[in-house]
Amino acid sequence: MLILEEIEAGAQCTHKNTRLRYTVVDVDVDGDEILLEAATEGHEPLTVASALFASEFVLGERYAGPRRTRGRGRGRRAGRPAVSPNGPRAKGRVKKMVRDRGFGFIRGEDGKEVFFHRSGMNGGDYDAVEEGDTVEYVVQEGPRGARAEHVRSLAGEPEAQSAPQSA
């Protein structure tokens, strides 16, 4: 933990969790607050309570302490090949999109509904897909149940067009 008397204007510091770097602009006379300027362009100046600063920041240009990880064992790491799909391929229609949270739901041709996350799609495909679009995906079991991975839109492909209905 930092000793507040050591903190002075111009000092470099790093937030432990986000790894964002800041410069101390001013230390409140009473020592209650510290004004920080972000080293990353586009970030607003930050006023932090001194007690919070002491527990959440480290002085110095870089912080090499423990890194928090979410979802251990998930995701792709450098040097590892991408995981290939290993579940059954399926087709369905996008039932619902929750764009602000980055996920949606697909109703498969079998009538089952499955969750998908934007990370299960290629690049800008998530922004292009709309509710009602036909998609192809791989069903994979995760810790919270079935999940659609490797989702790709079939919009514009001949088999995705509705076939005329016969009487």
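Residue numbers count from 1 along this sequence.
- A side-chain N or O of Q12 and one of T23 form a donor-acceptor pair less than 3.5 Å apart.
- Shortest non-hydrogen contact noted between P45 and L35 is CB-CD1, 4.3 Å.
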Evaluate V135 against R152 for side chain to side chain contact (heavy atoms under 4.5 Å, CB included), listing each step before the verdict.
CA-CA 6 Å; V135 292; R152 70 179 189 95; over 6 Å; no

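- Taken to the nearest 0.5 Å, the NE2 atom of H15 stands 6.5 Å off from the CG atom of L52.
- A donor-acceptor pair under 3.5 Å is formed between the side chain of E131 and the backbone N or O of M97.
- L46 CG to E33 CD: the interatomic distance, rounded to the nearest 0.5 Å, is 10.5 Å.
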For F116 and Y137: C-alpha separation, side-chain torsions, deciding distance, then whether ring pair (Phe, Tyr, Trp, His ring centres under 6.0 Å) applies.
CA-CA 9 Å; F116 75 97; Y137 55 98; 8.6 Å; no

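- Considering all non-hydrogen atoms of both residues, D133 and A128 come closest at OD2-O, 4.1 Å.
- The OG1 atom of T47 sits 9.5 Å away from the CG atom of D26 when rounded to the nearest 0.5 Å.
- When hydrophobic clusters are built by joining Ile, Leu, Val, Met, Phe, Trp and Tyr residues whose side-chain heavy atoms come closer than 4.5 Å, directly or via intermediates, I34 is grouped together with L20.
- The shortest heavy-atom contact between K16 and V58 is CE-CG1, 3.6 Å.
- The two atoms that bring V24 and C13 nearest to each other are CG2-SG, 4.3 Å, heavy atoms only.
- Ring orientation note: the planes of F105 and F103 are nearly perpendicular, at an angle over 60° on the 30°/60° scale.
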Passes side chain to side chain contact (heavy atoms under 4.5 Å, CB included), R93 versus R107? Steps please.
CA-CA 6 Å; R93 289 195 181 273; R107 180 175 301 274; 5.7 Å; no

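- Between the CD1 atom of I106 and the CD atom of E136 there is a distance of 10.5 Å, given to the nearest 0.5 Å.
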What's the verdict on side chain to side chain contact (heavy atoms under 4.5 Å, CB included) for V138 and Q140, showing C-alpha distance, side-chain angles and the deciding distance?
CA-CA 6 Å; V138 176; Q140 295 193 327; 4.0 Å; yes

Please test V48 against L36 for side chain to side chain contact (heavy atoms under 4.5 Å, CB included), starting from the C-alpha separation and ending with a verdict.
CA-CA 8 Å; V48 180; L36 304 172; 3.9 Å; yes

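- Remark: R99 engages E130 in a salt bridge, criterion side-chain N to carboxylate O under 4.0 Å.
- Under a 3.5 Å cut-off, the side chain of R147 and the backbone N or O of F115 do not form any donor-acceptor pair.
- Here the CZ atom belonging to R101 is positioned 13.5 Å from the CZ atom belonging to R118, to the nearest 0.5 angstrom.
- In plain terms, the two heavy atoms of A148 and V114 that are nearest each other are N-CG2, 3.5 Å.
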